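Everything numeric in this text was worked out from a predicted model, so none of it was measured. Residue numbers start from 1 in every chain, and the chains themselves are labelled A, B, ... in the order their sequence lines are given, proteins ahead of strands. Below, each value reflects all heavy atoms present in this structure, side chains not excepted, and no hydrogens, waters or symmetry copies.
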Amino acid sequence: METKPDLLKITFDGIEVEVEAGTTIMQAARRIAEADASQGHLVPPAMCYYKPLEGSGGKCRACLVKVAQGSAKDTRPMPKLVPSCITMVQDGMVVENVTNPAVLEERKAIVEFLLLNHPLDCPICDQAGECHLQDFAYEHGSSNQRYEEERRTFEKHDIGPYIQLHMTRCILCYRCVYTADQITEKRVHGVLGRGDAAEISTYIEKSIDNDFSGNVIDVCPVGALTDKTYRFKNRVWFSKPVDAHRDCDKCSSHVTLWYRGEEVIRVTARKNEWGEVEEWICNTCRFEKKKTSDWIIEGPTKVLRSSVVSANKYRADTVKKPDFALRLANSQYKPIDDSRPFITDEETVRQLSIENNRKANERSAFENTEN
Amino acid sequence: MSKKILLEHAHIEGIETFDTYRKNGGYEALEKAIKTMSPEAVVEEAKKSGVRGRGGAGFPMGMKWGFLAKPEGVPRYLVCNADESEPGTFKDHYLMKTIPHLLIEGMIISSFALGANKSFIYVRGELMYVINILQQAIAEAKANGFLGKNILGSGYDLELVVHPGGGAYICGEETALLESLEGKRGNPRNKPPFPAVKGLYQCPTVVNNVESIANMVWIINNGGDAYAAVGVGRSTGTKLISASGHIKNPGVYEIELGLSVEEFMNSDEYCGGIRDGHHLKALVAGGSSVPIIPANLVYKTANGEDRLMSYESLSDGGFATGTMLGSGGFIVFDETACIVRNTWNFSRFYHHESCGQCSPCREGTGWMEKVLHRIEHGHGNMRDIDLLVDVAKKIEGNTICPLGDAAAWPVASAIRHFRDEFEWHVKYPKEATRPGAVYMGEAELV
């Protein structure tokens, strides 16, 4: 007869949940959100923690929570805020997350710290719209800035034909390092340097070269590692994600195709609602198969994670985590006509930009006369 | 003359060689421990002695040894933390170069107590000549049968490895040290699991400071109770203090814990007082990372009691009016020292040495350094002072390892006690940035 594992009961922001031993506070919170979609906002943000990667977590300090009662046996509170992604639950633990002002205050500080040296070049960043740092800053940050100093910059490194590295955007979550370590055959990149001068790099300008290296793009929470074949081609919210697969001898090939009009402009792995890759995909699928005929289409991707990708395409009530970004998107964004053709011809692009500038000038002239 | 436990024979010429050390009672404790005592009895003596970790945190060493997990079939390790890089602290350096055999003997006794068959001494990379001295000492001990296979015919084997660090301050943090020892990048680990359960190569490990381990020799010779009788209260034994700054006799001194700060500062046996014609302005009592205290809190606590050189007395009053014994880096400032410049200097150090793993420390240390640099160079404004306090508060306690706290405390305490000096820098940038300019305002000079 099968024995049922002992369940531990914990209270998270006043909600009781029963989980197995060895679960982290973060996983328990996600369990709550999975059971009841309206509690999605309670899940602590994760900037470095990535469930599929062993050893990740504990670095960004975005998920710090207050443990008001250590366990049923030891009812003392823990003296410091603890990272929820790596702290194991104990029976009778009481966790305060959004109900504790100190936690929210610290989260605001973490946003500030992460944005200190971040270039805030979202308007030209390919990650914009699906960036975890954007979401985190919208949800927990403050709108003013106190940093007056110069931002640190790095020398540019070329890490190969497929992956574009923007070190200035990096928040040093170490996810890509763990990916390279655990998914690929040989690790060719890591962290060099120390403190705020630490950087992700390959040693001596070596390019990253193996079949699964493209996965570092998917795990990157910000725009530090982006797809070179997709660079500056599109904003994510103009594209339509579609699930597809093909017959691949290297990986499961369960991917998401990102369409702009009729054209596949990007291929990524499928992600769950926490932005974590479900199955790793190979570089051939990711970078080289960009025709609809290469793929067997399964149907539209269900965008679970709140992002502007889902704006105008999915109703707000189908999204599990209604938050500020989505509300803003739904209230302010005009419907986007994404049937427009995708233009690659340079001359046409130039003509269009001249046309757009002319229109913009007319508009501002009109607004000036109105005032 | 107060009691000497570690530096009793330091003045003898040639004490760094095996023969002289042996003639002066060296390796007797080892013989006593291995021939007549069980490992448990040695641990019991350490517990009785009440010796507290001399690396800075002051955690009782015997208790730490008691936490060591002892699963079957898994090796255990003892690692000696000799990566002393805190600005203002140079006691381990002195101890190792003067009496290397004291550390070696302490290492063998401690390894025997913990059942470790391979032990490591992780020495700061800059001290290459000390590494050579230690290796020489190990070779001598091995040649005389105190190290290696079957020590003194007891069947106990021990291999002692000296490992040079790469020169990173962060590798003095115990888990970063273990990572570095494993050959990885010296990033501190998340705790739990603690090293006592999963340390070096995922095996149970004890990490102790040089001075703590060296104390074991005397403890075995004279008994834990005798050691506990030295000192005051829970601060037992003696402590090496590295005194530096504006005093007449800088250097390393061994003091009995419980000596008054006033005596230590002014007695000719120790620091010899502030240099002539000058006054005490501030004191950093335990290395750069502890809070700085102004002159009026140095000799007396806020309650008017005498301040003693002990863990409890120095931290009396918490962070509001107290400081910490830390690693014993006693830095004295007279009225010619600029607190803003000093704080900036400390802050620059922590910015440079942050490992860059967790965000508050990586970004916050750099931010504080840049703001302090601005204030010191006459480009600050009033809101910067509050900004520094706020940033320090946000870093403190929210990082993986104590480096974040160590970076935040000096800044927060300097502003707490010397705010007027910071304001003077902001209000009168021209005067403040003049070479040799010193604030002579309201701060109390004793």
Q: Would you indicate whether B:Tyr201, at its atom OH, is surrounded by more than 12 heavy atoms from other residues, nucleotides or ligands within a distance under 6.0 Å?
A: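 More than 12 heavy atoms, drawn from other residues, nucleotides or ligands, come within 6.0 Å of this atom.
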
Q: Looking only at heavy atoms and a cut-off of under 4.5 Å, which of B:Pro192, B:Gly186, B:Pro360, B:Ala168 has the most pairs with chain A?
A: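 Heavy-atom pairs under 4.5 Å are most numerous for B:Pro360.
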
Q: Side chain from CB out, backbone as N, CA, C, O: work out which of these in A:Val191 comes under 4.5 Å of a heavy atom of chain B, or both, or neither.
A: both

Q: Looking at every heavy atom in both B:Arg362 and A:Ile171, which two are closest together, and how far apart are they?
A: NH2-O, 3.0 Å

Q: Rounded to the nearest 0.5 Å, what separation is found between the OG atom of B:Ser359 and the CG atom of A:Asn117?
A: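 Between atom OG of B:Ser359 and atom CG of A:Asn117 there are 11.5 Å.
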
Q: How long is the straight-line distance from CG of A:Asp196 back to SG of B:Cys361, given to the nearest 0.5 Å?
A: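 Answer for the SG-CG pair, B:Cys361 versus A:Asp196, is 9.5 Å.
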
Q: Considering only heavy atoms and a distance below 4.5 Å, find which of A:Glu150, A:Glu106, A:Lys80 pairs most often with chain B.
A: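 Between A:Glu150, A:Glu106, A:Lys80, the count favours A:Glu106.
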
Q: Output the distance between atom NZ (B:Lys191) and atom CD1 (A:Ile86), rounded to the nearest 0.5 Å.
A: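 It is 10.5 Å, given to the nearest 0.5 Å.
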
Q: Do the non-hydrogen side-chain atoms of B:Arg374 and A:Glu149 ever get within less than 4.5 Å of each other?
A: yes

Q: Checking the side chain of A:Arg61 only, and the main-chain atoms of B:Ile395 only, is there a donor and an acceptor separated by less than 3.5 Å?
A: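 Looks like no, no N/O pair under 3.5 Å.
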
Q: Checking heavy atoms, do the side chain of B:His352, its backbone, both or neither come under 4.5 Å from chain A?
A: both

Q: Apply salt bridge (Lys or Arg N to Asp or Glu O under 4.0 Å) to B:Glu353 and A:Arg194, showing your working.
A: CA-CA 7 Å; B:Glu353 296 295 344; A:Arg194 200 158 66 192; 3.2 Å; yes

Q: What part of A:Tyr147 is in contact with chain B, defined as an atom under 4.5 angstrom from a non-hydrogen atom: side chain, backbone, both or neither?
A: both

Q: Contact between A:Leu114 and B:Glu363 at the side-chain level, heavy atoms closer than 4.5 Å - yes or no?
A: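 Contact flag for A:Leu114/B:Glu363 side chains = no.
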
Q: Looking at A:Gly193, A:Gly55, A:Gly58, A:Gly57, which makes the most heavy-atom pairs under 4.5 Å with chain B?
A: A:Gly58

Q: Checking B:Thr365 against chain A: side chain, backbone, both or neither under 4.5 Å from a heavy atom?
A: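 No part of B:Thr365 comes within 4.5 Å of chain A.
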
Q: If you define the side chain from C-beta out and look only at heavy atoms, does anything of A:Arg146 sit under 4.5 Å from B:Asp384?
A: no

Q: Any non-hydrogen side-chain atom of A:Glu148 less than 4.5 Å from a side-chain atom of B:Lys370?
A: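 The answer is no; the side chains never approach within 4.5 Å.
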
